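Source: prediction; values computed, not measured.
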Amino acid sequence: MNIDRFSPLIQRSTLLLSLLAGSLVLTACGGGSDNKSSASSSSSSVSSSIRSSFSSASVPANGSGDWPSVKVEAQNPKQLTFQWSAVDGATYYKLFKHDKAVGGVTQVGGNLTTTQATDEIGVHVHDWVNNYYYVEACDAADVCSEKSDLTFTATEMIKAIGYLKASNGESFDSFGWSIAISADGKTLAVGAPAEDSKAVGANGDQTNNDSTNAGAVYIFVKENGIWVQEAYLKASNTEQPNLNSNRVLPNDRFGYKVALSDDGNTLAVSALLEDSISNGVNCNQDNYEQRIYNSSDPAQSVFAAVENNTGAVYVFTRANKEWTQDAYVKSVTYFKELRFGETLALSGDGKTLAIGATSDSLAMSGVIAYQASSQPECIVYYPSSSSSSVSSSSVSSSSISSSSASSVSSTSSYKGGTASGAVQILVRKENGWMQQALLKNSNAEQGDAFGTSIALSTDGNTIVVGAIGEDSQAKGINGNQADNSCYYPDGDQYVLDLACEDAYFERYGINNGAAYVFTRANNIWTQEAYLKPATTFFNTLFGSSVDISGDGNTLVVGANGDTTDSVDTSNRDTIDKTKVQEVAKQVGSGSAYVFGRSGTTWSQQAYLKPSTITLAGEFGGDVSVSHDGNTIAVGSYREASNSKGINGDQGDASAESAGAVFVFTRTNSVWTQQSYVKASNAEKNDRFGLSVDLSGDGKTLAVGAHRESGRGYSSASSTSSQSSSSTSSLADGELDQNDNSAEVSGAVYLF
């Protein structure tokens, strides 16, 4: 079963419309084919990538290591190791680095008494062509008279890219569908929502495949420069096969989204299609069951679990390298097919949790605030004995929890409705997690999909929420939310109807999208801003992704349906049908918008576009911003170049949906593209860039490619019962990135 059908964003195709070849050209062994055979269970974790060689004549050869030559190697991901032979009379050495981005030369680390040194780098922001290193040899009198030759690092670029696989990776697990990295860049959570083990909790049996698409999350940590797998996490209520097969409901999709606190010690995981109908925190985790009555033989009547796909979120905490489940969170509202946990965000301190559900159909707009006295109570919706009759009288198909909210703040008469969407906020207190608020957009209407994307500031007091289905023609900051105009067909044209009266029979999918900023003061949430792009058109999908800086003052909004480069939208009163049809088929080139806040005032700072052209790029499908707001990574998972590594050949279009990531940096309020990032083994249909995440300092970039098909190790890996020490990921040598025998097993790359 293809997990893609569960995402509202990835069934769209786009046309990218600008081209700029990179300065560094790479060639690689192997090719990409989407017709790959499946493989049996394998195990692996992390290694440096060994692929490809440079074809550019401008790339200097590696040094020999015999003084004055210095040899450089990437033996571990994100780490360069330098070696040289001893110099007569030298008592210590100094390693220097010239970084073109910052200018000048700086010493790497302290004085060295050995002939070896390392430098931790951000592969995605390192200038592989122009940066260089050299060593000075110094004597006992502190005279450094000997200087090595300049050493360039470009030959090691591909090997410096980390390549991660699941410890029990198999075909169609979709490892890398979701990722989250801690602020210090040393803890990484990876979701594989189509993994099949029936295990529960931490480090259970990875080899069992009896619970189809139950899902799993893998925790990797960086220890002494080496990335290792620390934990294998499963839901506490993973569906278990039993004597009555009707009670088994597979397909929970645990790991659909993941979110980490800054220190990496708190993790939130969603299971998009979990089926319990309980509400609140740590309530009944069982599936709702109904009795199937056999009229001809009542004794043969059986109980069958009901597939509700309501969704759930699980919170885990880490202490002394051990992970335990801290909370099981359900929506305070119940709707069948709610898919609670479609999006997740966790504050830096791990004490504020935001959970999105675009299918929420609550008929309201504004904010519901909860206090301790208004927390939803756990309800028992069927007896504990499976032999008893089941009463569903306590279950409503669309109801808010039985507890009453302390206050409701509605800014307008908008009524929300079907698929209007919502975001629920929880906070962690001394006695556990509790509901704090339910957020709806101020102009909530049917189909807005509010909650498509969410992001929290470090302190949790600012949240930005995307709503790709919002239809207003407003532009900029705090425009007219009531302008939900639409188009109706008239001959060969679509005609704009501002009142949306004549188009009642065909309100053509506007889906311009919007983003909303909410702030919290004294535990009360209010809407601060309503953000729209400078230009809009059909299916702009503004809000398809969002992220926010640590202080909450810089935010980036992805619009992976943006078409401003491909369709003339200057005359909006009438639009030629052929243009609309073209847009409908090729949603857009995609874009990202950067906004800044001064006080409580927001303004648009930049409009970002990729430097490469390819069909169906989906630029803006996922975005991430560093804590200081100065580095942004934008995913483009349908980008089609077959290049590898950093700043390769962007003009190549031979690998459809291989995917790419574009990194932008800000200097003196000016944004420029820093690098064009590809997988170390880029191939057709891998969808590299569907998920992206930056560390707090922006120097570590994690990228998921959930359709990558590497098999991983052929030998057994880490045991299922790990102690306080992590299990090494490098037991049997390097991972083979040329092996494509495990279709859609997935991979994650570290830069």
Side-chain angles (χ1 to χ4, degrees), residues 8 270 272-281 283 288 308-313 329-345 353-371 374-377 379 381 394-426 434-454 463 465-472 481-482 484 513-516 518 520 524-527 530 543:
S270 69
L272 187 70
L273 303 181
E274 192 264 0
D275 296 296
S276 164
I277 62 170
S278 63
N279 66 320
V281 180
C283 294
Y288 180 63
N308 287 296
N309 294 335
T310 50
V313 171
V329 181
K330 295 288 290 187
S331 170
V332 296
T333 61
Y334 169 74
F335 298 95
K336 193 170 184 178
E337 302 291 340
L338 177 63
R339 299 184 179 188
F340 182 68
E342 186 177 335
T343 48
L344 282 179
L353 173 65
I355 305 171
T358 62
S359 296
D360 184 278
S361 300
L362 195 61
M364 60 158 285
S365 59
V367 178
I368 296 177
Y370 293 91
Q371 301 298 330
S374 62
Q375 293 299 298
E377 298 179 358
I379 57 174
Y381 44 82
S394 64
V395 182
S396 168
S397 62
S398 58
S399 61
I400 196 163
S401 84
S402 58
S403 64
S404 59
S406 61
S407 64
V408 177
S409 171
S410 182
T411 56
S412 70
S413 60
Y414 290 94
K415 299 301 183 183
T418 304
S420 54
V423 172
Q424 297 181 34
I425 306 291
L426 293 94
M434 59 187 300
Q435 302 282 349
Q436 185 176 69
L438 184 148
L439 311 181
K440 302 276 286 188
N441 47 325
S442 51
N443 60 337
E445 289 193 335
Q446 293 186 21
D448 276 359
F450 178 82
T452 296
S453 54
I454 52 179
I463 186 173
V465 183
I468 60 171
E470 195 266 359
D471 294 324
S472 168
Q481 301 182 38
N484 275 345
Y516 302 79
F518 295 80
R520 177 175 58 186
I524 300 299
W525 288 91
T526 55
Q527 184 174 309
Y530 165 67

Residues forming a side-chain hydrogen bond (donor to acceptor under 3.5 Å, both in side chains) with D448, sequence neighbours excluded: N441
Atom of G451, atom of T343 and distance for their closest heavy-atom approach: O-OG1, 2.7 Å
Taking every non-hydrogen atom, the tightest pair across F450 and L439: CE2-O, 3.3 Å
Heavy-atom closest contact (Y370 atom, Q375 atom, distance): CB-NE2, 3.9 Å
Contacts of A345 that satisfy side-chain contact (heavy atoms from CB on, under 4.5 Å) - sequence neighbours left out: A354, I454, L456
Partners passing side-chain hydrogen bond (donor to acceptor under 3.5 Å, both in side chains) against S453 (at least two apart in sequence or in another chain): none
Distance-minimising heavy-atom pair for A369 and I524: CB-CD1, 4.5 Å
With Q424 via side-chain hydrogen bond (donor to acceptor under 3.5 Å, both in side chains) - residues at least two apart: S331
side-chain hydrogen bond (donor to acceptor under 3.5 Å, both in side chains) against Q446, all qualifying residues, sequence neighbours excluded: none
Distance in Å, K330 NZ paired with L338 CG, rounded so as to fall on 0.5 Å steps: 8.0 Å
Listed partners of S270 passing side-chain contact (heavy atoms from CB on, under 4.5 Å), at least two apart: Y256, K257, V313, L344
Under 3.5 Å: donor-acceptor pair, side chain of Q435, backbone of V332: no
Which atom of A449 lies closest to which atom of G469, heavy atoms considered: CB-N, 4.2 Å
Which atom of Y334 lies closest to which atom of N308, heavy atoms considered: OH-OD1, 2.9 Å
side-chain contact (heavy atoms from CB on, under 4.5 Å) evaluation trace for F340 with T333: CA-CA 10 Å; F340 182 68; T333 61; over 6 Å; no
Sidechain-backbone polar pair: S365 side chain, K415 backbone, donor-acceptor under 3.5 Å: no
Which residues share a ring-ring contact (aromatic ring centres under 6.0 Å, His included) with Y530, sequence neighbours left out: Y516
Residue from D360, V423, V367, I368 passing side-chain contact (heavy atoms from CB on, under 4.5 Å) with K440: D360
